**Q** 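The following block contains the structure, expressed as structure tokens.
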Amino acid sequence: MDPFKGQGGIQMLLSAEQEAQHIVSNARNLRTQRLKQAKDEAEKEAAQYRSHMEDEYQNSISETTGTSGSNVKRLEEETEDKIKHLKKTSSEVSSEVVEMLLKCVTNIKI
């Protein structure tokens with residue numbers, strides 16, 4: 001009798017099918033693990049890149065802001081100096097202006 005016929009052949013086919021299912025199941029598990037590992041590595045690299053770019057951005061902002069901060073301070077100082085100068089000049093000239101206005105108001109032209 002042929003060994004593949006009858007009960008023995010069916011048993012062999014069933015065990016071969018079970019073994020194939022086991023191999024396929026293991027392959028799926030390995031693929032899932034590899035995909036998860038690749039995803040984790042990609043997320044880690046993305047986080048590192050994002051952190052690096054954020055650091056560079058913050059550095060560029062601090063450099064720019066630092067420069068504009070000093071510009072603002074310088075402009076404020078210049079403005080204060082100009083205001084002081086204008087107040088001084090106006091106080092020096094105010095008596096002359098008042099006198100001139102009084103002359104104009106008190107002189108009557110007929």
Side-chain angles (χ1 to χ4, degrees):
M1 234 183 162
D2 194 5
F4 293 109
K5 290 185 180 180
Q7 287 290 31
I10 293 174
Q11 275 303 23
M12 282 180 62
L13 285 174
L14 288 174
S15 67
E17 184 180 355
Q18 286 177 350
E19 186 178 339
Q21 286 177 350
H22 182 69
I23 291 170
V24 169
S25 176
N26 283 342
R28 284 184 184 151
N29 289 339
L30 286 174
R31 188 184 92 212
T32 303
Q33 288 175 354
R34 287 182 190 149
L35 285 173
K36 185 177 183 217
Q37 181 182 8
K39 180 182 173 186
D40 291 343
E41 289 175 4
E43 287 176 353
K44 183 180 176 183
E45 286 180 26
Q48 287 176 342
Y49 181 73
R50 189 178 306 114
S51 173
H52 174 70
M53 294 306 290
E54 181 67 25
D55 289 343
E56 284 186 10
Y57 175 71
Q58 291 299 331
N59 287 340
S60 68
I61 285 179
S62 66
E63 288 174 2
T64 305
T65 305
T67 303
S68 67
S70 63
N71 286 340
V72 168
K73 187 175 181 180
R74 181 182 54 80
L75 288 174
E76 286 176 352
E77 290 173 354
E78 287 177 7
T79 304
E80 286 297 320
D81 289 342
K82 287 180 181 181
I83 290 172
K84 287 178 184 177
H85 177 70
L86 287 173
K87 284 182 178 180
K88 180 182 175 191
T89 306
S90 67
S91 68
E92 291 173 355
V93 182
S94 68
S95 63
E96 292 175 20
V97 171
V98 169
E99 188 176 319
M100 185 177 65
L101 284 172
L102 285 174
K103 279 184 185 180
C104 288
V105 170
T106 55
N107 285 340
I108 301 174
K109 291 184 181 180
I110 302 182

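When reading the values below, keep in mind they use all heavy atoms of this one structure, side chains included, and skip hydrogens, waters and symmetry mates. Bear in mind that the values here come from a model prediction, so they are computed numbers and not experimental data.
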**Q** Just grab all the side chain to side chain donor-acceptor pair (under 3.5 Å) pairs involving residues 15-35, residues at least two apart or on different chains.
**A** His22-Asn26
**Q** Heavy atoms, side chains only, cut-off 4.5 Å: are Glu54 and Arg50 in contact?
**A** no
**Q** Which residues pass the side chain to side chain donor-acceptor pair (under 3.5 Å) test with Glu80, not counting sequence neighbours?
**A** none
**Q** What's the separation between atom CG in Leu86 and atom CG in Asp81, rounded to the nearest 0.5 Å?
**A** 11.0 Å
**Q** Residues in side chain to side chain contact (heavy atoms under 4.5 Å, CB included) with Asp55, at least two apart?
**A** Ser51
**Q** Are Val105 and Val97 grouped together when hydrophobic residues (ILVMFWY) are joined by side-chain heavy atoms under 4.5 angstrom apart?
**A** no
**Q** Roughly how far apart are Gln37 CD and Leu35 CG, rounded to 0.5 Å?
**A** 10.0 Å
**Q** What distance do Lys82 atom NZ and Leu75 atom CG have between them, rounded to the nearest 0.5 Å?
**A** 9.0 Å
**Q** Are Lys84 and Lys88 packed together at the side-chain level, in the sense that at least one heavy-atom pair is separated by less than 4.5 angstrom?
**A** no
**Q** With heavy-atom distances below 4.5 Å as the criterion, would you say the side chains of Arg74 and Glu78 are in contact?
**A** yes
